[in-house]
2 protein chains.
Amino acid sequence: MPRPSVPRLSRDQIAAAALSQIDETGALSLPKLAATLNVSVSSIYHHFANGREEVIEGIRGLLTREVIDPLDPTMGWREYTEQWAHRYRSAMARHPHVVPLLTLQTVSAPETLASYEALAMVLRKAGFAADDLLHVVSVLDCFILGSALDASAPLDVWADSGAPESALSAAIAATRAQPGDRSRRSFEIGLHILIAGLADLLR
Amino acid sequence: MPRPSVPRLSRDQIAAAALSQIDETGALSLPKLAATLNVSVSSIYHHFANGREEVIEGIRGLLTREVIDPLDPTMGWREYTEQWAHRYRSAMARHPHVVPLLTLQTVSAPETLASYEALAMVLRKAGFAADDLLHVVSVLDCFILGSALDASAPLDVWADSGAPESALSAAIAATRAQPGDRSRRSFEIGLHILIAGLADLLR
DNA sequence: ACCTGAACACCGTTCAAGT
DNA sequence: ACCTGAACACCGTTCAAGT
C-alpha cells in the first residue's frame with residue numbers, strides 16, 4: 001500500500017476519536033481506536049511516541065483548549081476565577097469517563113499548563129502574596145477536580161445504602177425534590193464559599 | 001494437593017497484599033498478587049467473586065476502617081467534620097497510587113458508606129436543613145478527594161513548565177521556601193474556609 | 001514521513017476438576 | 001469450602017519492513 005499523499009492521521013484527530021471512544025464505551029483501547037480510524041495500531045505510535053499515556057494527555061489538551069481559551073485576563077480576579085473554575089468543571093463533567101483516566105497521570109499537556117499560568121498571573125496582579133498564591137491555585141484545583149469526579153460518579157448512588165431512617169437517604173430524598181443538577185449545585189455552593197474565603201487572604 | 005485445614009486466604013489478607021503491591025509498584029495485577037500470596041489466580045476469585053474491582057473496593061474498606069473508626073459522634077459538628085476530613089485525606093495521602101484507582105469505580109465498601117452516614121447524622125443533629133445536608137457532604141467530599149489526588153501527584157511538577165518570569169514558577173519557588181508539606185497546608189487552608197462557609201448555612 | 005504486519009509479554013476472567 | 005491448572009479473549013508496545 002502506497003504512502004498516502006496526505007497523512008491519514010493527525011494528533012488532534014486521534015485524540016478526538018479516543019475521546020469519543022471513552023465517552024461511548026467508558027474505556028480506551030488502542031486496538032479499537034486503530035480500527036475506528038481504519039489504521040493499524042502501530043501507526044498511532046508514530047504520532048504519539050509514548051503511546052496510550054500520551055494519547056490521554058492529548059485528550060486533556062483538547063478539553064482545555066475547548067473551554068479555556070476565550071477568557072479575558074483583564075477582568076477582576078473573582079470573576080476570572082469563577083469563570084475559569086466553571087469552565088473547567090463543565091468541560092470535564094461533559095466527559096464523565098475521561099476524568100478518572102486523567103487523574104491516573106501527571107499533567108503535561110501544554111494547553112493545561114498555560115491555563116494555570118494564566119490564572120496565576122491574574123491572581124498575582126490582584127495582589128495575592130507570593131507565599132499564598134500556590135495555595136490559592138491548589139485549593140481551587142482540588143475542589144474542581146473533586147467536583148468533576150463527583151459529576152462523573154454522583155453520590156446519589158448511595159440512596160439505597162442504608163436503612164430508611166438513614167440521614168444520608170433522607171438528605172438525598174430532600175435534594176431530589178429540588179430542581180436542577182445536584183452535583184452542579186454543590187459545586188456552585190462550594191466555589192462561592194472558597195472564593196469568598198480566599199479573598200480574605202488579600203487582608 | 002489436599003485442601004488446607006485452615007483457609008490460606010482471607011479477604012482482608014488479600015486486600016492488604018493488594019494495597020502493598022500498589023504502594024510498591026504503582027499498579028495492581030492479579031497474577032502478581034496471586035504469586036505473592038503463593039496461590040493461583042483463580043483462587044482470588046473465590047474470595048472476591050467480582051474480581052479486580054471488588055479487590056479494590058476491599059482496599060477502600062481497609063483504608064476507611066483504618067482511620068475513621070474512633071470518631072466520637074457527640075463532639076461539635078465543626079470539630080467532627082474537621083477530624084473526619086483530616087483522617088480521610090491522610091489515609092489516602094499515605095497511599096498515593098491507590099487514590100486514582102479508587103476514583104475509577106463507584107463506592108460500595110460498607111465501611112465507607114457507614115462513615116458518610118455517620119457524618120450525615122452529626123450534621124443533621126447540628127441543625128443543617130434537609131435541603132442543604134447533601135450539598136454540605138458533597139462539598140467536603142469533593143475537596144477531600146481532590147486534595148488526596150493533589151497529595152498523590154503534586155502540582156510542584158509544574159515548576160519547570162514555563163519561562164523564568166512565570167507566575168506559577170515564582171509561586172512554587174516562594175512556597176518551597178516555606179517549611180512543611182505544601183499539599184497538606186493547602187488542604188488545611190481550604191478546609192477551614194469551607195467549614196466556616198458551610199457554618200453560614202446554619203444562619 | 002507515514003503506515004503495515006507480525007510478534008511479545010502481559011492482562012482479567014472463566015470453568016472443569018480436584019480434595 | 002477452598003484451591004489448581006488450563007484456556008480464552010484481550011491488552012500495550014516494539015520492530016523490521018514497505019513506499
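Residue numbering restarts at 1 for every chain, and letters A, B, ... go by the order of the sequence lines. Since we're looking at a predicted model, the values are computed, not measured.
- Distances from the side chain of A:P31 to the nucleotides C:dT13, D:dC11, D:dG5 place D:dC11 closest.
- Rounded to whole Å, the distance from CD1 on B:I56 to P on C:dT13 is 10 Å.
- Proximity of the aromatic rings of B:Y88 and B:Y116 is defined here by a centroid distance below 6.0 angstrom, and this criterion is met.
- Atoms NZ (A:K32) and C1' (D:dC11) sit 10 Å apart, rounded to a whole Å.
- Proximity of A:S42 to the phosphate of C:dT4: no side-chain N or O atom is located under 4.0 Å from OP1 or OP2.
- One atom, CG of B:L104, and another, C1' of C:dG12, lie 15 Å apart when rounded to the nearest Å.
- Using a 4.0 Å heavy-atom cutoff across all strands shown, A:V39 reaches sugar-phosphate atoms only and no base atom.
- Base pairing of C:dG12 is made with D:dC8, judged by Watson-Crick or G-U wobble geometry with both donor-acceptor distances under 3.5 Å.
- Here the P atom of nucleotide D:dG12 and the CD atom of A:Q105 are 13 Å apart, to the nearest Å.
- Regarding contacts with the backbone of D:dT4, a side-chain N or O of B:S40 is found under 4.0 angstrom from either OP1 or OP2.
- A straight line from CG of B:L30 to P of D:dT4 spans 14 Å, rounded to a whole angstrom.
- Within 4.0 Å (heavy atoms only), B:S29 reaches sugar-phosphate atoms of the nucleic acid but no base atom.
- The interatomic distance linking A:R11 (CZ) with C:dC2 (P) rounds to 12 Å, in whole Å.
- Atom OH in A:Y45 sits roughly 16 Å away from atom P in C:dC3 (whole-Å rounding).
- For C:dA17, there is no paired nucleotide, since no Watson-Crick or G-U wobble pair has both relevant distances below 3.5 Å.
- Using the six-membered ring where Trp is involved, B:F128 and B:W77 have ring planes that are perpendicular, over 60° apart on the 30 and 60° scheme.
- Residues A:T112 and A:T64 bring a donor and an acceptor atom of their side chains to less than 3.5 Å of each other.
- Between B:H47 and D:dC3 there is a side-chain N or O to OP1 or OP2 distance below 4.0 Å.
- Counting any heavy atom pair closer than 4.0 Å across all strands shown, A:L28 reaches sugar-phosphate atoms only and no base atom.
- With salt bridges taken as basic N to acidic carboxylate O contacts below 4.0 Å, one links A:R94 and A:E66.
- Residue A:L33 is out of contact with every strand shown, counting any heavy-atom pair closer than 4.0 Å.
- Rounded to whole Å, atom C1' of C:dC15 lies 17 Å from atom CD1 of B:I44.
- The shortest distance between the side-chain N/O atoms of A:S43 and the OP1/OP2 oxygens of C:dC2 is not below 4.0 Å.
- B:T81 contributes no side-chain N or O that, together with a main-chain N or O of B:R78, makes up a donor-acceptor pair within less than 3.5 Å.
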